[in-house]
Amino acid sequence: MTEFGFIESLREQFSTLPDNGFEGIGDDCAIYPLEGGDALLFTSDTLIENIHFLRDAATPEEIGAKSLMVNLSDVAAMGAQPVATLLAISLPANISEEWVKRFIEGYRQVSVQYGVPLIGGDTTSSTEGIVINITAIGRTQQSHIKRRSAAHVGDTIFVGGVLGGSAAGLRNILEGSTDTEATHLHHNPQAQIAEGVWLGKHSCVHAMMDLSDGLASDLRHILKASKVGAVINIEKIPIHKDATIEDAVCGGEDYKLLFTVDEKSTEEFCTQFLERFGYTPYAVGRIIESESYDIEWREGEKVFYPDWQGFSHF
Ligand code: ADP
Ligand code: MG
């Protein structure tokens, strides 16, 4: 079974239970609408030593900061403001007190940067390796929430930043160089938190999510949820200078936003985004009608059929 097949089967097995007011499995966060028009959002992500990070390749501060950043990314990817986090951490016997202190310092720095308090969690021992699980909570107006299911035919597809740097960095690390520009990016992902919250307030932005598994995989989640297809113009994909097109499309952990914008508002939207953030996001394609909910990759007029899938745990 694949990672996404497993998630789909969970969704089915629990579909007969009462939802108790929650909108669950399938998006970057679960949603709980509050009386008065706001909603709370919930997301959880796990980082495992030797799968998500190597203890000696990154500083403890980097691991702490990244663990939190990737969770805040999921909250902002739905247009919500992160408001609190819970940290569950399992530590093996061979970990030093200094490592833990420095990990927490990295976590604290990102908490301070975004004004997000740590409100709970759990601490245990581990038989092997460090296990970090974080739950992040967000809040926003219900009308500002951006779901994966909201893409419309004709929408322009944007990515928020340059892709592939994290995958190139991971390659460097596995080859033994831990101190390159790309490894720095891999260890210090700059999630687009302020951008996500701002995009939430703009009704011309339809679907949104963050890029954690690569454009090829993540865009397909939007297509499936919205029952549409996409044309992606390969030459418009912003690729990190040390990355290949495969890194940019199939590589994970870039944590840039992927979103669609009403075609009629695209120009005005870009102007406003530039005014607010000092750069423009990258228009890489458009949403089309399609029964297969798949991506048509194009270079100029030429259509490609590459086997680009993106990252999956199994
Ligand atoms: P993301 O990459 O945005 O963190 P994932 O690919 O991890 O999202 O998960 C996709 C969806 O499946 C999310 O809504 C997530 O909450 C849900 N999900 C993943 N694993 C589980 C699980 N073990 N139990 C319940 N829901 C899960
Ligand atoms: Mg996500």
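Whatever order the structure lists ligands and atoms in, that order sets their numbers, starting from 1. Keep in mind that what you see is a predicted model, and the values were worked out from it rather than measured. The figures here come from the full heavy-atom set of this structure, side chains too, leaving out hydrogens, waters and symmetry mates.
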N/O donor-acceptor pair under 3.5 Å between [X] side chain and [Y] backbone:
| X | Y | answer |
| --- | --- | --- |
| Asn233 | Arg298 | no |
| His52 | Ile48 | yes |
| Thr260 | Ala207 | yes |

Is the ring pair Phe103/Trp99 parallel, tilted or perpendicular, if the boundaries are 30 and 60 degrees?
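Parallel.
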
Mind checking who shares a hydrophobic cluster with Ile137, ILVMFWY linked at side-chain heavy-atom distances under 4.5 Å?
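Noted: Ile137 shares its cluster with Phe22, Tyr32, Leu34, Leu40, Phe42, Val83, Leu86, Ile119.
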
Hydrophobic clusters join Ile, Leu, Val, Met, Phe, Trp and Tyr when side-chain heavy atoms are under 4.5 Å apart, directly or via other members; which others share one with Met78?
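When side chains under 4.5 Å apart are linked, the cluster holding Met78 also contains Ile31, Leu41, Ile145.
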
Of the protein N/O/S atoms, how many lie under 2.8 Å from the Mg ion (ligand 2):
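Number of qualifying protein atoms: 3.
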
Check: every ligand 1 N/O to protein N/O pair under 3.5 Å:
from	atom 1	to	atom 2	distance (Å)
ligand 1	2 (O)	Ser212	OG	3.1
ligand 1	3 (O)	Asp28	OD1	2.8
ligand 1	3 (O)	Asp74	OD1	3.0
ligand 1	3 (O)	Arg148	NH2	3.3
ligand 1	4 (O)	Asp74	OD2	3.2
ligand 1	14 (O)	Gly26	N	2.8
ligand 1	14 (O)	Asp27	N	3.3
ligand 1	14 (O)	Asp27	O	2.6

Taking 4.0 angstrom as the limit, do Asp27 and Arg147 come out as a salt bridge?
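Here Asp27 does not pair with Arg147 in a salt bridge, since their nearest N and O are not under 4.0 Å apart.
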
As a quick check of understanding, evaluate side chain to side chain donor-acceptor pair (under 3.5 Å) for Glu105 and Gln109, giving each step before the final call.
CA-CA 6 Å; Glu105 182 50 25; Gln109 277 172 15; 3.1 Å; yes

Just wondering, do Lys256 and Leu258 contact through their side chains at under 4.5 Å, heavy atoms?
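A side-chain contact is absent here, since even the closest heavy-atom pair is not under 4.5 Å.
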
